[in-house]
Amino acid sequence: MAGNPHHQPRIDQVPILVGIIGHRDIPEADHPELEKKLRAVFASLRKSYPNTTIYALTALAEGADSIGARAAIAEKVAIIAPLPMEADSYKQTFSSTQKASELDHFMKHSMCMVMPSHSGVPDSMDHQFARAGAAVVQYSHIVIALWNGEDSHLEAGTSYLIRHAIDGIPKDIVYDLEGVYPSPLDPIATAMVRQLPVTRSSNPGVSKVGSFKDAEPGKFEELEFRGSKPKLRLTHSQKKMFDHFEAFNKDICKYRPKSGTWVDAAILEAKGNYHPLVKDERITLPKGLQHLRERFAMADCLASHYQKRRHWRITRYVVILAALIAFVHQIISSNLPISQLLSPPPGWADGIPGNGLFDYAENWPFIGYAVLLVFAYGVVFYARLKRWQERYLDYRTIAEGARIQFYWLIAGIRTPVVNFFLRKQRDELEWIRGVLRMWYLRAVVDGGVITEASPDQAALIEDHWIRDQRRYSNKTALRASVIDGTLSVLAMLFLGVLVITMVTKPFISKDDFEHLLVLGTAAAGALVLMVSSLRYFLGYREIHKSNTRMMVLFSDADKFYDPTDGIQDDERAILEELGREALTETGDWLLSNRNRKVNLPKAT
């Protein structure tokens, strides 16, 4: 891709995609003003989301598409161009050789892909343009429509594409674009449309704001300006998605490896253990799959960072603080004087300097209890403010989705993983689906689909996905079982000590060691609380169950998967079913752990 290298999009960032559609016959005199307004839109988004790359999606036709392309190039915005046909044929559709020659200039600054047809039906020119326009609408977050407000009722007309953006692309067109029918249970993706009213050379007297009465609030509006600044009102769901993109990209910039690639960092993070991203010399991956592997490694590294250095650490801190609070609370609740509880047995401390300090300790536990309680709630509040647990869960989910998409594309399965992913969590986690959809688009645009997998590629899938995932699941399930069992035994042990101390307490003389027994009871209760809370928050029982199911799943796949003759229909069916099951398991894991927020146990 040509252009200023300082404004090239980084392959590891998640972009905001702005689609440009509109009429082909906009008067030339109106082009500079419209280009200025589109540049203002790009600049406004870049200012609002400084860590996020902005992409323009346009089919590069004359008129509105060309205006959008010029504005994008001027603002150093990367362009993805889904073309309706090959360039030589495309030029024949332009009204002049000058405009046709401009297509070459635009293509040099764009990532171009001719949109294939999977329906097998011979294409008319209108259908080719409609498919390219549908691709722009399908993958855009915001669609800017340069439209005169009149419905032309044409298959490739601007009003036709706006209707698709508002209501969703029909399933037969999605199949034509992606080669697979979306699930009937999966809601159709839609985009937010903002209209820039324009006039047409063929109908110069008409320029109005269009109307779609059945559109959801915020889906279709006029793009208004306050002076030179656009009033780009985002819907609540769209703003939430963009905020997540910005936070994700900010983490990417913050933790990006200082040297080497994300793949190198992920392998280093494994500390000598096998990692699925190790490079395999048997095949050379297309550029699109190399980039997808890099993105998978990035999500994997970020998930590991927040799991080990944030989520687990904060969980331990909170549980230890809760145990201390419970310990101090038990001391305060005892009937013995605080000074007696904190002083050594009679005669033990005779002659020790400072022993008299214990006579003034009545207020120590109350002060300590208040300090510990405030500090504990402060830690919980800070962890939630930083969203450490959510980031770990979300980034791990993104990594697992990218892993499956990576191996599907190697196997020649063009299906986007989002067609089967996070349906139950769609409203809250639509941004994760958005990330995976963008990565899928970039992989396909960069030639990341292997149409016919060789035996070596089929063997790579068997070695690096099926068998290694089976071994990993087996190892993780065993480790989780051992840790959960150990925590369970410790909890029962401390509970037994607690019961013994409570039963023994009435029979202990006040002149003996009753205060030590009270301390022992408080300590045993605190330890029971700490171990039980750790067991709950770390969720090793669920980890054991989940990985046991995955181990059985991958073991069964390994029995029937035969890479000898490459990937045939049977192998492809196994891999697709395996991926769907893994996606479902990942979604259930995410939902289960999102409901297990780190908090002070109720006993405190």
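What you are looking at is a predicted structure, and each value in this text was computed from that prediction instead of being measured.
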Taking the side chain as everything from C-beta on, heavy atoms only, tell me whether D30 gets closer than 4.5 Å to E33.
no
Report the distance from atom OG1 of T53 to atom CG of L45, rounding to the nearest 0.5 Å.
12.0 Å
Between E246 and K250 (salt bridge meaning N to carboxylate O under 4.0 Å), is one present in this structure?
no
Treating H31 as the side-chain partner and I26 as the backbone partner, does any N or O pair qualify as donor plus acceptor under 3.5 Å?
yes
Can you pull the ring-ring contact (aromatic ring centres under 6.0 Å, His included) pairs that have at least one residue in residues 61-84, sequence neighbours excluded?
none
Atom pair CG/CG of L436 and L441 - distance to nearest 0.5 Å:
12.5 Å
Heavy-atom closest pair (H164 atom, V137 atom, distance to 0.1 Å) is C-CG1, 4.0 Å
Hey, can you pull the donor-acceptor pairs under 3.5 Å for the side chains in residues 218-225, sequence neighbours left out?
from	atom 1	to	atom 2	distance (Å)
K219	NZ	T190	OG1	2.5
E221	OE1	R233	NE	3.3
E221	OE1	R233	NH2	3.3

K99/E28 ion pair, N-O < 4.0 Å:
yes
In the structure I gave you, are the side-chain heavy atoms of I21 and L146 within less than 4.5 Å of one another anywhere?
no
Rounded to the nearest 0.5 angstrom, the OH-CE distance for Y139 and M438 is 8.0 Å
Between F245 and H141, is the gap from one ring center to the other below 6.0 Å?
yes
How far apart are the closest heavy atoms of W147 and S159, and which atoms are they?
CZ2-CB, 3.7 Å
How long is the span from the CG atom in L575 to the OH atom in Y407, to the nearest 0.5 Å?
11.0 Å
Salt bridge present between R403 and E400 (N-O < 4.0 angstrom)
yes
Go through the structure and list residues passing salt bridge (Lys or Arg N to Asp or Glu O under 4.0 Å) with D151, not counting sequence neighbours.
none
Tell me if the aromatic rings of Y49 and F242 count as close, with their centers under 6.0 Å from one another.
yes
Please find the pair of heavy atoms, one from F129 and one from R24, that lie closest to each other, and give the distance.
CE2-NH1, 3.3 Å
Would you say the side-chain atoms of E430 pair up with the backbone N or O of S237, donor to acceptor, closer than 3.5 Å?
no
Does the side chain of N148 come within less than 4.5 Å of K208's, by heavy atoms?
no
Between E35, R46, R70, which is the residue that forms a side-chain contact (heavy atoms from CB on, under 4.5 Å) with E75?
R46
With a 4.5 Å heavy-atom cut-off, do L590 and D394 have their side chains touching?
yes
Could you walk me through whether V143 and M192 pass side chain to side chain contact (heavy atoms under 4.5 Å, CB included), step by step?
CA-CA 6 Å; V143 175; M192 185 181 79; over 6 Å; no
Should the ring pair W431 and Y395 be called parallel, tilted or perpendicular, given that the plane angle runs from 0 to 90° and is split at 30 and 60?
perpendicular
Using side chain to side chain contact (heavy atoms under 4.5 Å, CB included) as the criterion, list what pairs up with S201, not counting sequence neighbours.
D25, P27
Indicate yes or no: at least one non-hydrogen side-chain atom of F421 is less than 4.5 angstrom from one of T397.
yes
Distance from S89 atom OG to Q128 atom CD, nearest 0.5 Å?
8.0 Å
Is any side-chain heavy atom of Y55 closer than 4.5 Å to a side-chain heavy atom of I79?
no
Relative to each other, are the rings of Y382 and W388 parallel, tilted or perpendicular (30° and 60° limits)?
perpendicular
dist M241:CE -> T235:OG1 (nearest 0.5 Å) comes out at 9.0 Å
For D104, is there an ion pair with K108 - N to carboxylate O distance below 4.0 angstrom?
no
At their closest point, which heavy atom of A71 faces which heavy atom of L38, and how far apart are they?
CB-CB, 3.8 Å
In terms of heavy-atom contacts, G19 and V136 come closest through CA-CG1, 3.7 Å
Could you walk me through whether T58 and F106 satisfy the side chain to side chain contact (heavy atoms under 4.5 Å, CB included) test, starting with their C-alpha distance in whole Å, then the side-chain angles of each, then the deciding distance to 0.1 Å, before giving a yes or no?
CA-CA 10 Å; T58 168; F106 292 153; over 6 Å; no
Has H105 got a side-chain atom pairing as donor or acceptor with S101's backbone, closer than 3.5 angstrom?
no
Which heavy atom of I80 sits nearest to which heavy atom of P82, and what is that distance?
O-CD, 3.4 Å
Among residues at least two apart in sequence or on other chains, which ones pass side-chain hydrogen bond (donor to acceptor under 3.5 Å, both in side chains) with R391?
D251, Y306
Ring pair (Phe, Tyr, Trp, His ring centres under 6.0 Å) partners of F42, counting only residues at least two apart:
none
Any side-chain heavy atom of I404 within less than 4.5 Å of one from W465?
yes
Determine, stepwise, if the pair R256 / W262 fulfils side chain to side chain contact (heavy atoms under 4.5 Å, CB included).
CA-CA 7 Å; R256 183 176 287 133; W262 282 107; 4.0 Å; yes
Apply side chain to side chain contact (heavy atoms under 4.5 Å, CB included) to the pair L409 and Y440, showing each step before the final yes or no.
CA-CA 9 Å; L409 291 177; Y440 169 80; 4.2 Å; yes
Could you check whether any side-chain heavy atom of C112 comes within less than 4.5 Å of a side-chain heavy atom of M107, counting everything from C-beta outward?
yes
Stepwise side-chain hydrogen bond (donor to acceptor under 3.5 Å, both in side chains) test for S95 and E62:
CA-CA 8 Å; S95 59; E62 63 179 300; 2.9 Å; yes
